[in-house]
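Okay, structure first, notes after.
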Protein chains: 2
Amino acid sequence: MNITLDEIAHRAGVSRSTASRVLNHHPHVNPAVRERVWQAIRETNYQPNHTARSLAIRRSQVIGIIIPQPIHTLFADPYLPLLIEGIAHTCNERQFAMMLELATSTGNHPYLHIGRRGFLDGAIIASAVEDQFLLQWLQQETIPVVSIGRIISHPGIPYVDVDNRHGARMVVEHLIHCGYRRIATITGPMNIIAGRERYMGYCDALTAAGISVQPELVIEGNFSEESGYIAMNTLLRFDPRPDAVFAASDMMALGALRALRAAGLTVPNDVALAGFDDIPLAAAMTPALTTVRQPIAKLGQTAACLLLDYLLNPPAEPTVQRVILPTELVIRESCHKQP
Amino acid sequence: MNITLDEIAHRAGVSRSTASRVLNHHPHVNPAVRERVWQAIRETNYQPNHTARSLAIRRSQVIGIIIPQPIHTLFADPYLPLLIEGIAHTCNERQFAMMLELATSTGNHPYLHIGRRGFLDGAIIASAVEDQFLLQWLQQETIPVVSIGRIISHPGIPYVDVDNRHGARMVVEHLIHCGYRRIATITGPMNIIAGRERYMGYCDALTAAGISVQPELVIEGNFSEESGYIAMNTLLRFDPRPDAVFAASDMMALGALRALRAAGLTVPNDVALAGFDDIPLAAAMTPALTTVRQPIAKLGQTAACLLLDYLLNPPAEPTVQRVILPTELVIRESCHKQP
DNA sequence: TCACTTACTGGGAACGCTTCCAACTACGTC
DNA sequence: GACGTAGTTGGAAGCGTTCCCAGTAAGTGA
């Protein structure tokens, strides 16, 4: 049914070997023969069979993108799309394809296809949630893996991350600099390292300024708008209420803003607000949100580079690559005390 | 290096054929033999080679998800994530894997891998933008395809879609019912069928109520927050200004809201606002947005079902499946005139 | 006891490609 | 004129599966 390399060889009057050599741009093929083969390829619109090729060369030119959480919880903000765009950028460049491996909320087959030998050359863990499935899989897997975000329990896995801790510290220092002292934080999930590190950056800034961290001003959220709303309502019950809030994600900052509005308070005059991520909405909201920008697409791009470099020429001696990308403070309107 | 079926067969003291039969749950295998083979599989942690299997059975159990536009423009709202989640749901259920085929903003190799024979069993077009690449690819491709959204120029392609036109009509009728008469619309891109159909629904509702469609009250956006903001500012320059606005996406409604706030106007008292999509933020914003809910995950799920059903047992006579899923009006606070 | 089924098993070709190896040319070179 | 040598080619053995086909052993009914 489909045209094979044999068919091409026959049409060009050469052997399969020669046709293969032409296809793969090997040297030492007579120019005239080479042209005859290309002609046959063009005439028949021949496309080589990728599966057969993979089997023969024992590589698939496919990497997996592992998304350990139900996707809709993560895609609620544009983090993952940008990450994937970054990965895709590198993959397209180097002729690799991407498989999506995700845990659905209902399905019970996470990482279904990863285990099958020969299917993937390597994998990128898109968001390092250290759940049991992921850890169990890492335990027994043999293909090279690069993680977005450090995996504490597996220090041998190369990773790329942004400097969450420093970013958080910068933005909280900015709040302090603006004159706020009773600064609360709505953290990310503490089982995610980004959640923990942003919290640590918050602590760093307070401690450095001689302000003690008050446990009641620390509320754990899950990065979603809703959780920011709930956390802010909790914070508003304290007396005196915080005069500034650092939300560990812009979506949570958005939720906090909604709670503040509902309580009749204005930002930044009654309460200052800062976020993390710099999603497009952050610049668009009123007041425009002061936040920390992270180079998300770059993150994905770098992770893919790390993985593909490794795959294309594996290093002689094993070295674990680690890359930390810088974050950037974006000052807007949500934490300036109006005179 | 990796364990093969031959190794398993040898360990269990049987032929490769028998080992294969055990692996694939064929009948007519002696129970004792069967158990010996399974034991060898467990002991060695054997995983069958997917590539070799694909080659032999001439199926890959992989479908492609084709995303014809730079992903970040589409992922700006949670549409695509939910769609993918729906597709993944069906795929996980039936042991299929998903390849992501996306056009990056910089890359010039869209649909890179689709052409390679044997790589994909079928494909889902995630968002029917009729650009040249897509049409060109459809022209020459041979694998089964299902589209999310109708592709006008290729009526032979099965598709799944939501009833955009009726949904838009419902929400505009609701505005009319609330007493608004000078109703503007911010449409989606007119080269996307969803954009056109929502606009037609808007026209339907007005016409049915005996209101004529005023060209100056129709502004084309691109579904993004920013485009909603810009369009609303344009609308505000007209005198008399519209008393209600139907934005063809919630993100654009959000942008419109920002423009209205900036102009010192309140929703719904000065201007009513309605959206389309029912993204999570729609319920969370102030005022909560009246909008049209579309079953996005269901859309993906259905598309995947259509495709996989077709792949698993191709129908004898060719029939083009078409499915239209209903939309639902969600009434909240943004279009009730306060007494 | 003899066909005749039925349950089970192994051999080997096939899937479509890559690549090693050997062989064959043509061209100088001593 | 024998002898490398480099360029060029085809044959054939893989890659790790599936599955058809033939064959054996055991069970069944006349």
Side-chain angles (χ1 to χ4, degrees), chain A residues 1-38 40-41 44-62 95 113 115-121 142-143, chain B residues 1-38 40-41 44-62 95 113 115-121 142-143:
Chain A
M1 170 116 188
N2 267 330
I3 300 144
T4 69
L5 195 55
D6 269 321
E7 168 78 10
I8 297 295
H10 183 251
R11 277 173 178 255
V14 297
S15 73
R16 179 169 60 239
S17 317
T18 303
S20 171
R21 272 189 285 264
V22 171
L23 202 62
N24 294 292
H25 305 98
H26 283 195
H28 306 319
V29 176
N30 186 309
V33 172
R34 181 186 300 276
E35 185 44 45
R36 279 215 314 278
V37 173
W38 278 122
I41 290 175
T44 54
N45 194 23
Y46 164 74
Q47 308 262 27
N49 183 305
H50 179 267
T51 305
R53 178 161 207 276
S54 296
L55 184 59
I57 66 175
R58 282 180 286 292
R59 279 182 283 120
S60 65
Q61 306 258 97
V62 178
Q95 313 266 86
H113 304 281
R116 305 190 191 166
R117 304 289 168 208
F119 201 57
L120 298 178
D121 289 347
T142 51
I143 56 173
Chain B
M1 170 119 185
N2 269 329
I3 301 144
T4 70
L5 195 54
D6 269 320
E7 168 77 12
I8 296 295
H10 183 251
R11 277 174 178 255
V14 297
S15 73
R16 177 170 63 240
S17 314
T18 303
S20 172
R21 270 189 287 264
V22 171
L23 202 61
N24 294 292
H25 307 99
H26 283 196
H28 306 320
V29 176
N30 185 307
V33 172
R34 182 185 298 277
E35 184 44 44
R36 279 214 314 278
V37 173
W38 278 122
I41 290 175
T44 54
N45 193 23
Y46 165 74
Q47 308 263 27
N49 183 306
H50 180 267
T51 306
R53 178 162 208 276
S54 297
L55 184 59
I57 65 177
R58 281 178 285 292
R59 279 181 283 118
S60 64
Q61 306 259 97
V62 178
Q95 313 266 86
H113 305 280
R116 306 189 189 169
R117 304 291 166 206
F119 202 58
L120 297 179
D121 289 347
T142 50
I143 56 173

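Just so you know, these numbers come straight off a predicted model, no measurement behind them.
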Subject >> Whole-Å gap separating P (dG16(D)) and CZ (R53(A)) >> reply: 17 Å
**OP:** Please name the pair of heavy atoms, one in R34(A) and one in H26(A), separated by the smallest distance, quoted to 0.1 Å.
**Re:** NH2-O, 3.2 Å
**OP:** Over 60° means perpendicular and under 30° means parallel, so classify the ring planes of W38(A) and H25(A), tilted if in between.
**Re:** tilted
Original post:
Does S17(B) have a side-chain nitrogen or oxygen under 4.0 Å from the phosphate oxygens OP1 or OP2 of dT9(C)?
Top reply: no
Original post:
Quick one: F119(B) CZ to dC17(C) P, roughly how many Å, whole number?
Top reply: 15 Å
**OP:** Assess whether one donor atom and one acceptor atom, taken from the side chain of T18(A) and the base of dG10(D), lie less than 3.5 Å apart.
**Re:** no
**OP:** Would you mind reading off the distance between Q47(B) atom CD and dT17(D) atom C1', rounded to a whole angstrom?
**Re:** 15 Å
Original post:
What nucleotide, of dT8(D), dG16(C), dG12(C), holds the atom closest to the side chain of L55(A)?
Top reply: dG16(C)
**OP:** Rounded off to whole Å, could you give me the NE2-to-P distance for the H28(B) and dC21(D) pair?
**Re:** 16 Å
Original post:
Does OP1 or OP2 of dG16(C) have a side-chain N or O of Y46(A) closer than 4.0 Å?
Top reply: no
Original post:
Could you state the CZ-P distance from R58(A) to dT17(D), rounded to the nearest angstrom?
Top reply: 13 Å
Subject >> Side-chain donor/acceptor contact of R21(B) with base of dG10(C) under 3.5 Å >> reply: yes
Original post:
Nearest to the side chain of L5(A) - dG10(C), dC17(C), dT17(D)?
Top reply: dC17(C)
Original post:
Among L23(B), N24(B), T18(B), which one satisfies side chain to side chain contact (heavy atoms under 4.5 Å, CB included) with S20(B)?
Top reply: N24(B)
Subject >> Sugar-phosphate only, base, or nothing, as touched by T4(A) at under 4.0 Å among non-hydrogen atoms >> reply: sugar-phosphate
Subject >> Nearest-neighbour nucleotide for the N49(B) side chain, dC15(C), dT17(D), dC19(D) considered >> reply: dT17(D)
Original post:
Within this structure, what is the CZ-to-P distance between R36(A) and dT8(D), rounded to whole angstrom?
Top reply: 14 Å
Subject >> N/O (side chain, N2(A)) to phosphate O (OP1/OP2, dG16(C)) under 4.0 Å >> reply: no
Original post:
Looking at N30(A), does any N or O in its side chain come under 4.0 Å of the phosphate oxygens OP1/OP2 on dG7(D)?
Top reply: no
**OP:** For V62(B) and F119(B), work out which heavy atoms get closest and say how close.
**Re:** CB-O, 3.9 Å
Subject >> Rounded distance (Å) that lies between atom C1' of dG16(C) and atom CD1 of I57(B) >> reply: 15 Å
Original post:
Considering only side-chain heavy atoms of A56(A), which listed nucleotide, dT18(C), dG10(D), dT17(D), is closest?
Top reply: dT18(C)
Original post:
Looking only at N and O atoms, is any donor in the side chain of T51(B) or the base of dG16(D) less than 3.5 Å from an acceptor on the other one?
Top reply: no
Original post:
What are the two closest non-hydrogen atoms of R11(A) and A40(A), and how far apart are they?
Top reply: CB-CB, 4.1 Å
**OP:** Check the distance between dC8(C)'s C1' and R16(B)'s CZ and give it to me in whole angstrom.
**Re:** 18 Å
